[in-house]
Amino acid sequence: MPSKIFGTVLSHGLRGRMLTKGELQTLAESRDMEELVTRIKNTVYLDAFAKLSRPYNAEKIEGALREYLVNTHAKMVNVTGGAGILNAYFVKYITWNLKIVLKGKALGKSYEELLPKINLRAEELVELLPKINLRAEELVGRRDIVIKALVAKNLEEAVAATAGTEFGEDAAKAATVYKDKGDMRIFDTYLDHVFYHDLGRAITSESQSPDAKKIASTDVDSYNILSILRGKFWGLSPVAINELIISTTSKVPRDTLQKMINIEKISEAVGELANTVYKDIIPQAGANDIDLIMQLEAGFESLSLKRVVSSFRSMFSVGIMLVMLAALKLVMLEVRNLSAIASGIEQKVPPETIVSRLIRVE
């Protein structure tokens with residue numbers, strides 16, 4: 001009971017400390033990176049930015065935010081005793097790191113280019129790259145995979161470094177498809193397959209909170225549907241697309257997914273969702289294939305956010321797993337927003353444009 005109370009209070013506390021629309025606006029109006037960091041330090045992120053070194057840039061800021069996210073996630077896992085769904089979301093950090101490394105190697109970047117400096121940001125953290133945060137790997141014992149890929153001379157060696165691990169098969173497929181299609185997003189889709197496979201397995205085995213499963217299942221459905229559409233856009237074969245599908249409890253019947261795979265046109269494949277629970281997020285007709293995919297992805301994000309926010313109905317009216325998963329996803333969203341603000345300021349984007357691109361929590 002004490003851990004349940006602590007977890008519930010922790011989750012509602014995180015929700016209550018989220019930055020307001022006005023605070024995000026103020027951050028976006030910062031004149032430069034120096035002013036942005038000063039303003040962020042006046043928020044709940046003071047400790048996360050305490051050891052940030054000058055000169056400030058968007059990559060350093062994103063690294064500090066990701067460290068905060070990983071540490072927050074670790075606290076949640078400790079409170080729940082390592083619940084499957086929360087554990088599964090840890091893989092997200094590792095796949096993110098591998099994406100950065102493999103994309104860099106695909107572009108021919110050397111170790112020196114990817115590693116402008118070593119930044120020891122905290123006692124337990126070694127940041128080998130402004131975009132590579134190894135705290136997540138330390139917590140789940142997979143740090144060596146990222147390091148071996150990082151020191152590889154080229155993409156082939158980086159992929160070989162993942163051989164024999166859970167990322168090996170998907171990394172190899174990603175590299176092969178990338179050489180043929182030349183789209184960096186291929187690495188995202190294939191490496192995310194590892195994360196969603198773990199999440200799908202956790203959903204089917206997790207005994208707690210059916211509501212938490214619903215939130216996680218929406219993420220898996222989103223991955224399956226968007227992978228089908230992107231696979232079709234890249235001209236992948238039906239067999240290759242089928243290999244990306246996560247087989248787990250889903251709100252989209254397997255035969256519907258198969259129809260989407262077999263249909264030639266992307267617009268017609270999207271139309272198959274009309275007979276599913278996701279019919280309300282189908283984009284309007286007339287958009288081109290890329291816009292259709294992007295609009296549908298935004299629709300899934302909006303739907304997921306609504307379900308997350310609705311989880312905070314009252315202090316103790318929902319299960320601990322649901323409220324902690326909801327809180328984690330809100331922290332992920334805020335880190336994403338703050339990273340976007342930092343990137344926008346660095347690129348001299350007007351404040352109103354930066355704010356318009358943020359994901360709003362209503």
Side-chain angles (χ1 to χ4, degrees), residues 69-70 73 77 83-100 102-103 136-137 140 142 145-146 162 165-174 177 183-206 209-210 212-234 236 239-254 256-258 260-261 269 273 276-278 281 293-294 296-301 303-305 307-308 321 325-326 328-329 332-333 336:
L69 171 60
V70 172
H73 194 159
V77 171
I85 289 179
L86 280 180
N87 273 353
Y89 276 94
F90 252 117
V91 182
K92 222 175 180 12
Y93 311 130
I94 305 163
T95 56
W96 184 86
N97 288 339
L98 284 176
K99 288 176 194 177
I100 296 298
L102 295 185
K103 287 177 182 179
E137 284 72 17
V140 295
R142 291 152 169 166
I145 301 172
V146 177
T162 69
T165 73
E166 60 193 305
F167 303 99
E169 185 176 347
D170 287 301
K173 289 179 181 178
V177 176
D183 190 332
M184 281 291 171
R185 290 171 295 186
I186 288 168
F187 290 104
D188 295 322
T189 297
Y190 274 92
L191 290 177
D192 279 343
H193 182 255
V194 178
F195 160 60
Y196 286 105
H197 177 268
D198 279 11
L199 183 58
R201 187 168 52 190
I203 291 171
T204 57
S205 63
E206 185 67 53
S209 184
K213 291 184 182 182
K214 289 179 182 178
I215 291 179
S217 293
T218 299
D219 287 350
V220 174
D221 285 342
S222 173
Y223 172 78
N224 279 343
I225 291 168
L226 294 173
S227 293
I228 290 173
L229 300 179
R230 290 187 175 116
K232 297 176 76 65
F233 179 77
W234 293 322
L236 300 184
V239 173
I241 296 176
N242 261 304
E243 290 176 347
L244 290 169
I245 299 301
I246 305 300
S247 299
T248 187
T249 303
S250 171
K251 301 181 184 69
V252 182
R254 189 63 175 84
T256 298
L257 294 176
Q258 194 60 54
M260 294 179 68
I261 293 172
L273 296 176
T276 72
V277 296
Y278 300 116
I281 64 172
I293 296 172
M294 292 179 64
L296 190 59
E297 182 174 27
F300 272 113
E301 289 182 347
L303 179 61
S304 178
L305 180 56
R307 291 177 177 174
V308 165
M321 181 55 60
L325 176 58
L328 172 64
K329 292 180 78 68
M332 288 179 172
L333 184 151
R336 179 175 168 183

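Start at 1 with the first residue, then count along the sequence.
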Does the pair F187 and T95 meet the rule for a side-chain contact (heavy atoms from CB on, under 4.5 Å), with working shown? CA-CA 10 Å; F187 290 104; T95 56; over 6 Å; no
Only one of R230, H193, K103 passes side-chain hydrogen bond (donor to acceptor under 3.5 Å, both in side chains) with D188; say which it is. K103
Measuring from [X]:[atom1] to [Y]:[atom2], what's the distance to the nearest 0.5 Å?
| X | Y | atom1 | atom2 | value |
| --- | --- | --- | --- | --- |
| L257 | I228 | CG | CD1 | 4.5 Å |
| I94 | F167 | CD1 | CZ | 5.0 Å |
| L303 | D221 | CG | CG | 10.0 Å |
| S217 | K251 | OG | NZ | 5.0 Å |
| L102 | N97 | CG | CG | 11.0 Å |
| S227 | N242 | OG | CG | 11.5 Å |

Would you say [X] and [Y] make side-chain contact, with heavy atoms under 4.5 Å?
| X | Y | answer |
| --- | --- | --- |
| W96 | L191 | no |
| T189 | V177 | no |
| F233 | R185 | yes |

A quick test of your reading: do over 12 heavy atoms of other residues, nucleotides or ligands sit less than 6.0 Å from [atom1] of [X]?
| X | atom1 | result |
| --- | --- | --- |
| H197 | NE2 | no |
| M184 | CE | yes |
| Q258 | CD | yes |

Where [X] and [Y] come nearest, the two heavy atoms and their spacing:
| X | Y | result |
| --- | --- | --- |
| I85 | A216 | CG2-CB, 4.5 Å |
| L244 | N224 | O-OD1, 4.2 Å |
| L229 | A269 | CD2-CB, 4.0 Å |
| A174 | I186 | O-CG2, 3.7 Å |
| K329 | I215 | CD-CG2, 3.7 Å |
| G231 | I241 | C-CD1, 3.8 Å |

Restricting to ring pair (Phe, Tyr, Trp, His ring centres under 6.0 Å), what partner residues turn up for Y196, sequence neighbours left out? Y223
Taking it one step at a time, do L325 and Y89 satisfy side-chain contact (heavy atoms from CB on, under 4.5 Å)? CA-CA 9 Å; L325 176 58; Y89 276 94; 3.5 Å; yes
With distance as the sole criterion, is a donor-acceptor pair present between the side chains of R307 and T218 under 3.5 Å? yes
Do K92 and D192 pass the salt bridge (charged side-chain N to carboxylate O under 4.0 Å, His left out) test, and can you show the C-alpha distance, the side-chain angles, and the key distance before you say yes or no? CA-CA 8 Å; K92 222 175 180 12; D192 279 343; 5.5 Å; no
Once you measure the plane-to-plane angle for Y93 and F90, does it fall in the parallel (<30°), tilted (30-60°) or perpendicular (>60°) bin? perpendicular
Under the side-chain contact (heavy atoms from CB on, under 4.5 Å) test against L98, which residue among T165, D170, I145 passes?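 Testing each of T165, D170, I145 against L98, the sole residue satisfying side-chain contact (heavy atoms from CB on, under 4.5 Å) is I145.
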Quick check against the 3.5 Å criterion: does T204 have a side-chain atom that pairs as donor or acceptor with the backbone of R201? yes
